[in-house]
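This is the structure I want to talk about, given as structure tokens.
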Amino acid sequence: MASSGIIVFIFTVLCICAVKSGFIKVECKAENVGHYGQQSLLECVVKTSSDVTDPNIRVVAWKKLTSPEDGGDLVLAFQRGKLDQPKRGYRFAEPSWNEKNMNVSLLITNTAVADNGDYKCIVITDSGDDSIVTTLKVQAKYSISTVYSIPEKIVPNKGSTLVCESHGGYPKGTLRWFDEENHDWTKSSEMEATQSDDGLFQLTSRLSLLGGSTFPKYTCAVFNASGGKVDEKTFETNIPPSSPLESPGSSGLLSPYTSKVVAPLVVIGSLIIGLLLLLLYKRRSQKTRRNSTAPLMGGRDAVPTDLEEGYNSPEDESINQDQS
Ligand SMILES: *[C@@H]1O[C@H](CO)[C@@H](O)[C@H](O)[C@H]1NC(C)=O
Ligand SMILES: *[C@@H]1O[C@H](CO)[C@@H](O)[C@H](O)[C@H]1NC(C)=O
């Protein structure tokens with residue numbers, strides 16, 4: 001009974017296709033955005049060529065495709081003059097749709113993450129048939145539920161961790177960390193994403209704070225898949241602000257801890273190099289002086305010069321003594 005019905009149905013379809021294809025076209029918005037928990041519209045209309053008058057729709061089938069190869073999952077169907085029992089939550093967008101209405105848009109009444117994906121709309125009319133695939137992109141807005149620290153009370157100069165939790169978003173987003181001067185500390189953090197049964201993502205990020213590099217305030221911000229900031233929450237560490245010297249470089253990568261260690265090293269290093277250069281210079285000037293004064297030693301004129309300059313170092317003193 002049912003199978004003979006299907007055969008008759010297919011036969012009719014084939015006849016229609018053979019005789020009158022190409023006179024109608026289904027046109028959809030290529031991409032539709034749907035919001036989680038709200039209504040989503042997959043907008044499609046049947047366009048007919050100018051020589052078609054008073055078209056009647058015989059079949060409309062809306063299928064959710066799970067993979068490009070498979071036949072899909074029928075969610076809404078009109079055939080043989082009546083609407084099949086649709087899958088719950090799916091209906092024609094036009095409230096009192098009938099076979100004369102060329103607006104075959106699909107309405108999803110309570111959008112879920114599972115509704116994300118491709119849909120095929122098949123239309124058969126008495127003037128031809130067509131089918132098309134359109135996409136629904138489901139979005140759910142993230143919000144930050146909590147930011148807290150481990151340990152609860154942050155002790156200065158001791159390591160601690162800030163934890164930021166965000167939930168209820170789709171598709172997968174990211175959590176980022178900023179200090180009060182808007183330097184990005186995300187590189188010092190680790191993020192974890194889990195998907196709950198309803199398909200929504202829960203994001204958790206842990207920011208490691210090194211002792212001595214803790215700022216008074218940190219902001220955790222959640223960004224959606226297209227990089228838009230959606231929500232943020234600020235956490236106060238109750239650590240007094242550090243001196244300007246200790247603030248990180250504009251790159252935000254050099255931590256105050258590093259600059260604290262590096263600065264004295266640079267000073268000590270340059271002092272040592274300076275002293276070495278000074279010593280070397282002294283040695284050199286003494287050598288050259290001795291070389292130049294040696295041939296004059298015997299001469300009377302040399303003596304006052306030697307006396308004037310010579311007593312500066314013990315070596316010169318001994319030379320002068322030898323001479324006398
Ligand atoms: C189709 O119907 C829906 C629901 O009434 C409406 O929002 C949409 O704008 C219609 N589309 C066209 C192209 O008429
Ligand atoms: C991301 O957020 C921006 C701004 O809030 C919004 O315009 C955009 O549609 C969102 N995109 C997604 C994929 O959620």
Side-chain angles (χ1 to χ4, degrees), residues 24-50 52 54-57 59-62 75-78 83 86-87 89-123 125 130-145 164-176 178 182 184 186 191 193-196 198-203 205 219-234:
I24 73 148
K25 201 165 171 43
V26 183
E27 288 178 0
C28 301
K29 261 173 82 178
E31 203 178 288
N32 307 272
V33 172
H35 296 280
Y36 182 85
Q38 292 173 24
Q39 291 191 340
S40 294
L41 182 69
L42 291 171
E43 206 179 320
C44 294
V45 288
V46 179
K47 294 271 169 77
T48 53
S49 58
S50 54
V52 173
D54 193 29
N56 275 294
I57 292 175
V59 174
V60 177
W62 272 101
V75 294
L76 183 70
F78 168 85
L83 200 63
K87 216 178 152 186
Y90 298 85
R91 58 179 173 85
F92 280 111
E94 289 281 77
S96 49
W97 185 87
N98 62 43
E99 65 267 32
K100 296 271 179 207
N101 192 335
M102 295 297 124
N103 183 343
V104 293
S105 303
L106 175 72
L107 188 81
I108 302 172
T109 51
N110 183 7
T111 307
V113 170
D115 292 326
N116 192 66
D118 290 340
Y119 291 79
K120 190 172 191 177
C121 177
I122 304 157
V123 176
T125 73
D130 194 20
S131 73
I132 191 170
V133 173
T134 184
T135 304
L136 177 68
K137 298 241 159 150
V138 175
Q139 296 179 0
K141 196 171 171 283
Y142 284 96
S143 66
I144 292 176
S145 43
C164 177
E165 285 175 6
S166 171
H167 63 84
Y170 191 87
K172 193 171 159 185
T174 48
L175 291 173
R176 306 187 71 86
F178 301 92
N182 230 20
D184 192 338
T186 312
M191 196 190 85
T194 58
Q195 228 171 340
S196 49
D198 54 13
L200 298 177
F201 283 100
Q202 323 291 318
L203 309 176
S205 178
T219 299
C220 173
V222 61
F223 291 78
N224 68 19
S226 37
K229 196 202 284 187
V230 185
D231 194 17
E232 63 179 22
K233 241 191 177 81
T234 298

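Position 1 is the first residue of the sequence; numbering continues from there. Just so you know, ligand 1 is whichever comes first in the structure, and atom 1 is the first atom listed for that ligand.
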Response to the item:
Here the salt bridge (charged side-chain N to carboxylate O under 4.0 Å, His left out) pairs for residues 110-122, sequence neighbours left out, are none
Item to complete: Consider every N or O of S105 and every N or O of ligand 1, then say whether any pair is closer than 3.5 Å.
Response: no
Worksheet item: For K100 and N56, does a side-chain donor sit closer than 3.5 Å to a side-chain acceptor?
Response: yes
Practice prompt. Check the pair S166, Q202 against side-chain hydrogen bond (donor to acceptor under 3.5 Å, both in side chains), reporting the backbone distance first and the verdict last.
Written response: CA-CA 6 Å; S166 171; Q202 323 291 318; over 6 Å; no
Contact table, ligand 2 N/O with protein N/O, distance under 3.5 Å:
| from | atom 1 | to | atom 2 | distance (Å) |
| --- | --- | --- | --- | --- |
| ligand 2 | 2 (O) | N224 | ND2 | 2.2 |
| ligand 2 | 11 (N) | N224 | ND2 | 2.9 |
| ligand 2 | 11 (N) | S226 | OG | 2.8 |
| ligand 2 | 14 (O) | Q139 | OE1 | 3.4 |
| ligand 2 | 14 (O) | N224 | ND2 | 3.0 |

Worksheet entry | Atom pair CG/CZ of L107 and R91 - distance to nearest 0.5 Å | 5.0 Å
Discussion item. Holding to side chain to side chain donor-acceptor pair (under 3.5 Å), I want the full list of residues that pass it with E94, two or more places apart in sequence or in another chain.
Written reply: N101
Fill in: Contacts of type disulfide bond (SG atoms under 2.5 Å apart), residue C44, not counting sequence neighbours
C28
